[in-house]
Every structure is written in structure tokens, then in C-alpha cells.
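I have placed the structure first, in the form of C-alpha cells, so that the comments after it can refer back to it.
Side-chain atoms are counted along with the backbone in the values below, which use heavy atoms only and exclude waters and symmetry mates. Within every chain, numbering begins at 1; the chains are lettered A, B, ... in the order of the sequence lines, protein sequences first and strands thereafter.
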Amino acid sequence: MHPVAYIIMHICPADDIICPRVNTSSCTRPAMPHELNPLEKQRLEKLERLREMGIEPYPNRAERTHTAAEAKAALEAAEAAGEAEAPRVTVAGRLRAIRPMGKITFAHIEDESDRLQLFFQANTLGKERLKLFNKLFDLGDFVQASGYLFRTRTGEITVHVEDFRMLAKAITPLPPAKDEVVDGKVVRHAVLADPETRYRQRYADLAVNPEVRDIFRTRAKIVRALRDFLDERGFLEVETPILQPIYGGAAARPFVTYHNQLKQQLYLRISFELYLKRLLVGMFEKVYEIGRDFRNEGISFKHNPEFTQLEFYWAYADYQKVMALTEEMLAYVADRVLGTRKFTWQGHEIDLNPPWRRVELRQGLKEATGIDIAEHPDAASLAAAMQAQGLHPKPNASRGKLIDQMVGDYLEPTFIQPTFLYDYPRDISPLAKAKPGDPNTVERFEGFIGGMELCNAFTELNDPLDQEARFLEMGRTYAADDEERHPIDEDYLRAMRYGMPPNGGFGMGIDRLTMLFTDKHSIREVILFPHLRERSADGKAATNGSEGKASAPEEGGEA
RNA sequence: GGGCGCGUAGCGCAACGGUAGAGCAGUGGCCUUUUAAGCCAUUGGUUGCAGGUUCGAAUCCUGUCGCGCCCA
């Protein structure tokens with residue numbers, strides 16, 4: 001019996017998706033073998049040898065009495081209690097280091113809790129068993145080992161192995177990622193560092209880079225803390241549709257999909273806002289949702305096509321109350337997650353203690369640019385003023401968009417410490433309520449940290465007639481192909497006509513908050529599987545259509 | 001979308017116009033307290049892809065694919 005030298009990969013004719021081990025008889029295309037590299041072939045041969053010896057390389061059941069951390073604690077406790085007998089443990093994990101030394105072998109396994117050293121001795125196991133381990137067990141394999149705990153000469157807590165077995169054979173070797181301690185600091189060698197491979201094969205990244213696992217533990221803690229904070233204050237967590245017949249609640253282009261049976265076009269939501277506010281009509285007073293939004297827009301270090309958002313709506317509150325709650329909430333989350341309200345982000349010392357700095361948008365822009373937007377009630381006048389100041393107004397932009405541009409260029413980057421920028425122009429805020437006595441300004445704020453927009457909130461518009469007028473106004477303002485032109489959600493207007501209590505609403509990007517708390521510059525570092533451009537299944541050496549294009553001029557020349 | 005940069009062995013890297021290298025990982029051997037264990041030997045590459053310049057290209061040029069950074 002020759003070992004299988006490759007795993008069959010197959011291209012399904014229906015959808016062009018490469019899938020392993022499909023029923024090949026149902027497909028018309030030839031199977032595409034995924035060639036294993038020499039290292040993988042060697043391991044496959046070892047796997048076959050194990051099978052020939054009657055050892056199942058992927059057994060159904062595993063046993064474990066202690067995690068690595070629990071095993072270490074068990075020995076320390078026994079030592080502290082002065083017990084004569086060493087604790088016996090059965091541990092399980094992935095082999096991360098193997099050091100054979102003749103008649104003994106040292107190895108380290110790693111589980112989620114910690115690393116633990118294993119000690120294999122020919123005297124204990126017999127020569128054949130030791131040889132089996134040395135020859136057929138590789139870095140990356142999952143193993144189980146039983147024995148008693150002791151300390152080596154250097155004091156490291158170690159399992160003296162009396163029995164061991166394979167739990168799962170690894171065919172593809174993980175990057176080596178050896179740790180060396182230099183002057184008390186851990187230096188990792190040959191670590192998987194290529195960002196593309198790390199994102200495309202996040203499983204390998206997580207397996208060899210423990211600090212990446214910590215990012216996602218922190219992320220989970222953040223979400224847990226936000227839930228607890230809102231739950232404690234009587235907010236109800238709800239789930240609203242992701243597939244929506246009409247998208248709205250934000251200025252963004254949607255992903256479009258289709259329901260076959262209903263023969264209906266649907267959109268992946270770009271925000272939760274309009275559904276959550278319908279719930280206020282339905283007499284819930286405090287609701288929130290944590291979930292995924294989808295925006296069919298550019299991808300950058302700050303943007304992923306799907307991202308996680310928290311939104312809450314709070315009846316009988318306004319944007320001032322929401323501002324205060326935001327300060328309280330982020331301080332709470334920092335206490336829970338970081339144990340402190342001060343942290344470092346990209347070299348900046350951030351202090352989350354309330355109160356945050358408050359900057360009125362008009363005043364802030366006046367100081368930063370010398371332009372008083374109140375003196376320029378239309379786009380043409382404002383654009384002229386910007387030109388006069390040496391700024392470069394975007395052509396054909398509305399007044400609101402010009403203001404937005406100035407905020408992005410001159411204010412946002414300066415808001416390193418937590419800052420609320422408040423009182424926004426009405427024409428870029430169609431769901432916010434105008435300030436009394438100032439119809440061109442709405443009660444809206446955005447929160448910034450580290451020069452980055454983190455959250456957005458307003459006193460919500462609850463006047464159905466005003467809302468309808470705003471929708472119509474938006475329809476007139478934007479050209480038919482403008483990405484921010486939205487269809488009018490008649491059902492939302494109907495809901496509002498039933499009566500919506502006055503309320504304050506809030507939205508915040510969880511990904512960006514996680515970036516702040518984990519000191520990451522890129523959103524891809526805090527999303528487990530960030531979206532990348534499609535490549536071949538093995539993630540490498542995709543040739544795509546480049547050959548055809550490159551040869552085209554030659555063919556043209558011959559013709 | 002624009003500018004700049006990167007792509008070499010499983011991984012992290014070197015070679016920057018003249019025969020593609022070393023380390024770790026792997027393979028064979030020695031080794032009973034190691035921890036990037038050590039020592040001896042050794043395998044592994046169509047330098048992302050396609051063209052071009054040149055006696056000669058990983059290296060220079062063009063295009064293309066992918067990624068990163070900056071800008072929009």
C-alpha cells in the first residue's frame with residue numbers, strides 16, 4: 001500500500017467553488033489534485049506507518065484530567081502542602097517543541113491555558129515506545145500524555161510520561177515559531193509574520209501567535225461588558241432583520257441579494273436604526289442590538305465590508321443624556337476589560353475618565369479654519385469661503401458634505417483624547433431632530449478617540465411629517481446614482497405616524513473600540529477573518545487571467 | 001481610484017547584472033535533565049505570474065496578480 005500523495009480537491013461545475021473530497025461522480029470536471037509539498041508527504045507517510053502499526057492517528061476520544069495550567073498548579077499545591085506523592089495527570093495539547101537526546105526526549109505541548117513540558121524516558125517507556133514518539137510524532141500533532149509531575153534540574157514543572165498517544169496528526173507543518181528567552185524577554189524566531197498569510201490562514205496565525213488569541217479574548221470581553229452595562233440599566237437586547245427589503249439608517253451602499261421563492265430583491269442591512277426605532281413605537285423604551293452591518297464600499301485599515309456595531313435607542317432621552325451615558329459606558333468597559341481607564345494607543349496616552357472634551361462643531365471649525373459656517377448658509381458660499389482660506393472644497397458637494405470634509409481634515413485628526421463634537425448640519429443628518437430655533441442644525445454628536453470616529457448619536461427625529469419632508473429633500477438633493485440616495489421607507493414613516501416617543505439613539509463600531517483597547521492600527525487585526533481579495537484555494541501562486549492578457553498583444557501582432 | 005513599497009525553500013531572511021545561500025523546520029546518525037539543546041552528515045527553489053532589455057536577469061524595464069503603507 002503506497003501512501004496517498006495528494007488530497008483530491010475538486011471544482012464543482014455549478015458554482016466554481018473548489019471543495020475537498022466532494023462526490024466526484026456528480027461532477028463533470030476533472031479532479032484537481034492539491035499537490036502536497038515534500039514536508040507534507042513525509043508526514044503523510046508517517047501517518048500511514050502509524051495506521052500499519054494499528055495506531056489510529058485520529059481517534060474519536062481523548063482524555064484529559066488537567067489543563068497545562070491546572071497541572072502546574074497541582075504540583076505547586078502539592079509542594080506547598082508537603083505531600084510526598086507527586087500528582088498524576090493526563091494532559092492533552094499540541095506538540096510545540098521536541099528535543100530528543102538519545103535515551104530521553106523533552107517536548108512541550110501547548111493547550112489553550114499554557115505550555116507544559118513532557119519528559120519521555122527509555123527506562124520508563126521502553127526503547128520502542130520512545131522511538132515511536134521520536135520518529136512518528138511531529139511538531140503540530142495533538143497528543144495526550146499521562147504520568148506524574150516533577151521538576152527538572154532547572155525547576156521547570158514537567159510530566160514524567162508513562163503513557164502517551166496520538167490525538168490528531170498534523171500533515172501541514174505549522175511555522176516553527178520557536179521562543180528564546182533573552183535577558184528575561186521572550187524572543188520568537190521565524191514567527192509567521194506575513195500579514196496576507198496571517199489573515200488568509202488565521203487558524204495558523206492563532207495557532208502560533210498566542211498574542212493574537214489575546215486580541216479576540218479582549219474583543220469578547222468588550223462585548224460582554226457592553227451587554228452587562230446596558231442590561232444593568234434596563235435595556236432590552238433584540239435582534240432585527242439583516243435581510244431587509246429597503247435599506248436605510250446610514251449613508252452607505254448596500255450589498256444586494258435575492259430571495260428566490262419570493263422573487264424579491266433584498267439588501268443586507270447597512271444599519272439597525274430604522275428597525276430599532278420601530279420598537280419604540282411598539283412601547284419598548286430601551287432597546288439595543290449588537291450585530292453585523294454590511295457596507296459595499298472600499299476596504300481599508302479602518303473599513304471591512306462587514307463590521308460589528310452596537311446601537312441603542314432610549315425613550316425620553318436626548319443627545320445630552322446619551323452623551324453622558326456614553327462616557328459612563330466606555331469608562332465601565334475600560335474598567336472591566338483593561339482594569340484601568342488609561343491606556344496607550346499608537347503611542348498616545350488615552351484617558352477615558354469622564355467628562356470628555358466637548359467641542360461645538362461650528363466653534364471648532366471656526367478655530368481650526370477661520371470659517372464660520374453660520375455665515376455661509378449654502379454650499380456655494382461655503383465653497384467660496386473655503387477657497388479663500390486655501391482649502392480645497394470637493395466639487396458639487398452639498399453644504400453638509402463640505403462641512404463633513406472640513407471636520408475630517410481639520411478636526412477629526414486632532415481629537416486624540418476622547419472628544420464629543422456636537423451640533424451637526426441638518427442636511428447630512430436626515431434622521432436627527434433640529435435644534436430648537438436653529439433649523440439648519442441638528443442635535444447630533446460624534447465621539448472621537450485617537451483621531452478616529454468611534455460613535456455617532458442624536459436626538460432622534462420623531463415627527464413623521466418632518467421625517468417625510470427630510471426623505472423627500474434627500475431625494476432631491478442627491479442625483480439618481482449618488483450612493484447616499486436612499487429609497488423612502490414608507491413603512492418606517494407609517495410606524496412613526498402611530499407615534500414615536502422622543503428618544504436618543506446611539507451607534508458605535510465595536511471593531512474600532514477593540515482596535516483602541518488592543519493598540520492595533522488596522523481593523524484587520526481585530527476581525528478574525530477579514531475580507532481579502534479572492535485567491536486560489538491554497539492562498540498562493542494564483543495565476544488568474546494574467547497569461548491571457550499578457551499574450552494578447554502578441555496575438556494581435558501576428559494577426 | 002492615485003502614489004510609494006514588498007513578493008526568493010514550510011517559516012523568518014540574505015544575495016541587488018555573473019554558478020540562488022545560511023538559520024530554523026525536515027531527513028540519517030551520536031547523545032539520560034534539555035528548553036531556538038548540542039555535534040556530524042544531508043534533502044529541499046521554474047526567485048508571484050507573463051513579456052522585454054542583455055552574452056548573461058531574483059536583480060534592470062513593461063504589464064499583471066496579491067499584500068502593506070500613505071493619500072482620495
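The nucleotide whose nearest atom lies closest to any side-chain atom of L39(A) is, among rU27(B), rG10(B), rG23(B), rG10(B). Here the side chain of T152(A) is nearest to one of rU34(B), rC11(B), rC70(B), namely rU34(B). Here the nucleotide nearest the side chain of A193(A), chosen from rU32(B), rG12(B), rG10(B), is rG12(B).
Base-pair partner of rG1(B): rC71(B) (Watson-Crick or G-U wobble, both distances under 3.5 Å). Taking a pair to require two hydrogen-bonding distances under 3.5 Å in either a Watson-Crick or a G-U wobble arrangement, rA36(B) remains unpaired. For rA9(B), there is no paired nucleotide, since no Watson-Crick or G-U wobble pair has both relevant distances below 3.5 Å. Across the strands present, rA41(B) finds its partner in rU27(B); the criterion is a Watson-Crick or G-U wobble pair with both atom distances under 3.5 angstrom. Here rU46(B) sits opposite no nucleotide as a Watson-Crick or G-U wobble pair (both hydrogen-bonding atom distances under 3.5 Å). Judged by Watson-Crick or G-U wobble contacts below 3.5 Å, the nucleotide rA15(B) has no partner. Base-pair partner of rA58(B): not found among the strands shown (Watson-Crick or G-U wobble, both distances under 3.5 Å).
A donor-acceptor pair under 3.5 Å is formed between the side chain of N304(A) and the backbone N or O of E306(A). Checked by atom type and distance alone, the side chain of S113(A) never pairs as donor or acceptor with a backbone atom of D111(A) at under 3.5 Å. Under the 3.5 Å distance criterion, the side-chain polar atoms of R269(A) are matched with a main-chain donor or acceptor of R292(A).
Protein atom CG of D194(A) is 13 Å distant from nucleotide atom C1' of rU8(B), rounded to whole Å. Whole-Å rounding puts the Q42(A) CD to rU42(B) C1' distance at 12 Å. Going from atom CZ of R198(A) over to atom P of rC11(B) covers 14 Å, rounded to whole Å. Summarising the geometry, the separation between NE2 on H189(A) and P on rC13(B) is reported as 13 Å, rounded to the nearest angstrom. Atoms CG (D138(A)) and P (rC11(B)) sit 17 Å apart, rounded to a whole Å. One atom, CZ of R200(A), and another, P of rG7(B), lie 17 Å apart when rounded to the nearest Å. Distance, D404(A) CG to rA72(B) P: 14 Å, rounded to whole Å. Distance E40(A) CD to rA9(B) P: 15 Å, rounded to the nearest Å.
Taking atom C1' on both rC16(B) and rU47(B), the two are 13 Å apart, rounded to the nearest angstrom. Using atom C1' as the reference point in both rG51(B) and rA57(B), the two lie 13 Å apart (nearest Å). Separation of the P atoms belonging to rA20(B) and rC24(B) is 24 Å when rounded to the nearest angstrom. Rounded to whole Å, the C1' atom of rU8(B) lies 27 Å from the corresponding atom of rC70(B). rC71(B) sits 39 Å from rG52(B) when the P atoms are compared, rounded to a whole Å. Nucleotides rU59(B) and rG1(B) are separated by 31 Å at their C1' atoms, to the nearest Å. Separation of the C1' atoms belonging to rA15(B) and rG7(B) is 16 Å when rounded to the nearest angstrom. Annotation: rU27(B) and rA37(B) have their P atoms spaced 15 Å apart (nearest Å).
Between the side chain of D179(A) and the base of rU35(B) there is no donor-acceptor pair of N/O atoms closer than 3.5 Å. A donor N or O paired with an acceptor N or O is not found under 3.5 Å between the base of rU33(B) and the side-chain atoms of E156(A).
Relative to the ring axis of F529(A), R202(A) does not place its NZ or CZ within 45° and under 6.0 Å from the centre. Cation-pi check for R444(A) over Y422(A) is not met; the charged atom does not lie both under 6.0 angstrom from the ring centroid and within 45 degrees of its normal.
Checked against a 6.0 Å centroid threshold, the rings of F517(A) and F343(A) count as neighbours.
For K135(A) and rG29(B), the shortest distance from a side-chain N or O to OP1 or OP2 is below 4.0 Å. Put simply, H521(A) has a side-chain N or O that comes within less than 4.0 Å of OP1 or OP2 on rC70(B). Distances shorter than 4.0 Å separate some side-chain N or O of K178(A) from OP1 or OP2 on rA25(B). Not one side-chain nitrogen or oxygen of K394(A) sits closer than 4.0 Å to the OP1 or OP2 atom of rA72(B). Regarding contacts with the backbone of rC67(B), a side-chain N or O of R533(A) is found under 4.0 angstrom from either OP1 or OP2.
Using a 3.5 Å distance cut-off with no hydrogens or angles, the side chains of R43(A) and T172(A) do not pair a donor with an acceptor. In this model, no donor atom of one side chain and acceptor atom of the other lie less than 3.5 Å apart for T90(A) and E63(A).
Only R99(A), P100(A), M101(A), G102(A), K103(A), I104(A), F106(A), H108(A), Q117(A), listed by number, bring a heavy atom of residues 97-118 of chain A to less than 4.0 angstrom from any atom of RNA chain B.
Remark: E112(A) engages R217(A) in a salt bridge, criterion side-chain N to carboxylate O under 4.0 Å.
Position along RNA chain B of the nearest nucleotide to R153(A) versus P38(A) favours R153(A) as the more 5'-ward residue. The residue among H531(A) and P173(A) whose nearest nucleotide of RNA chain B lies closer to the 5′ end is P173(A).
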### Task
Please lay out, stage by stage, how E180(A) and R188(A) fare under the test salt bridge (charged side-chain N to carboxylate O under 4.0 Å, His left out).
CA-CA 6 Å; E180(A) 181 184 22; R188(A) 192 165 311 132; over 6 Å; no

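L174(A) comes within 4.0 angstrom of nothing in the nucleic acid, heavy atoms only.
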